[in-house]
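For reference, the structure is listed below as structure tokens.
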Amino acid sequence: SGVTIRNCIITELKIHATWFSEGLLFSDNVVLSDIMHEMGGHNHGTITLSGNIFHGFFCFFDCQFTGQVIIRNNIFVKGSDLLYRENKGFDNVFDGGLILDNNIGKLDTIDNCPPM
């Protein structure tokens with residue numbers, strides 16, 4: 001059934017090296033911190049980010065999504081590196097497909113990426 005997080009105000013979200021093996025529904029939340037999703041692998045279920053406001057930078061690095069990823073109607077205030085291509089060995093992989101729809105903010109930048 002996966003993880004569902006909905007209608008929350010989150011001061012700090014830590015998902016470094018998290019595997020959502022059965023999926024994630026992250027909907028209608030406000031996240032105040034930067035988010036580091038590094039080494040997030042083998043996500044077999046559908047990952048859906050919908051209707052959220054991310055105030056910090058949302059870093060995706062070396063994540064493997066074998067299930068579908070849906071990113072719809074979000075605001076990325078400081079942006080994200082979800083689509084940034086830097087190193088073929090560590091770029092994010094979307095084997096299950098990627099749907100991007102009606103998001104605000106850059107999804108291919110490292111300009112506001114916090115130090116690792």
Completion exercise
Applied to residues 49-59, the side chain to side chain donor-acceptor pair (under 3.5 Å) test, sequence neighbours excluded, yields Asn29-Asn52, Asn52-Asn74
Practice task
Could you list the residues that satisfy side chain to side chain contact (heavy atoms under 4.5 Å, CB included) with Asp111, not counting sequence neighbours?
Solution key: Lys106, Thr109
Completion exercise
Sequence neighbours excluded, the answer for side-chain hydrogen bond (donor to acceptor under 3.5 Å, both in side chains) partners of Arg6 is none
Handout entry: Straight-line distance of Phe65 CZ to Asp95 CG, nearest 0.5 Å
Key = 11.0 Å
Handout entry: Pairs flagged by salt bridge (charged side-chain N to carboxylate O under 4.0 Å, His left out) wherever residues 69-85 is involved - sequence neighbours left out
Key = Arg72-Asp101
Handout entry: Side-chain H-bond candidate by donor/acceptor type, His44 with Ser21, under 3.5 Å
Key = no
Handout entry: Short side-chain to backbone donor-acceptor contact, His37 and Thr18, under 3.5 Å
Key = yes
Fill in the blank from the handout: For Ile99, the other hydrophobic cluster members (4.5 Å side-chain criterion, sorted by chain and number) are Ile70
Handout entry: Ser33 (side chain) donor-acceptor with Leu13 (main chain) under 3.5 angstrom
Key = yes
Problem - Under the side chain to side chain contact (heavy atoms under 4.5 Å, CB included) test, residues paired with Leu83 that sit two or more places apart - result: Leu98, Leu100, Leu107, Asp108
Handout entry: Listed once per pair and sorted, the salt bridge (charged side-chain N to carboxylate O under 4.0 Å, His left out) pairs that draw on residues 7-24, sequence neighbours left out
Key = Glu12-Lys14
Fill in the blank from the handout: Sorted by chain and residue number, the side-chain hydrogen bond (donor to acceptor under 3.5 Å, both in side chains) partners of Asn73 (sequence neighbours excluded) come out as Asn102
Exercise for the section: Could you pull out all residues at least two apart from Phe58 that satisfy ring pair (Phe, Tyr, Trp, His ring centres under 6.0 Å)? Expected result: Phe54, Phe60
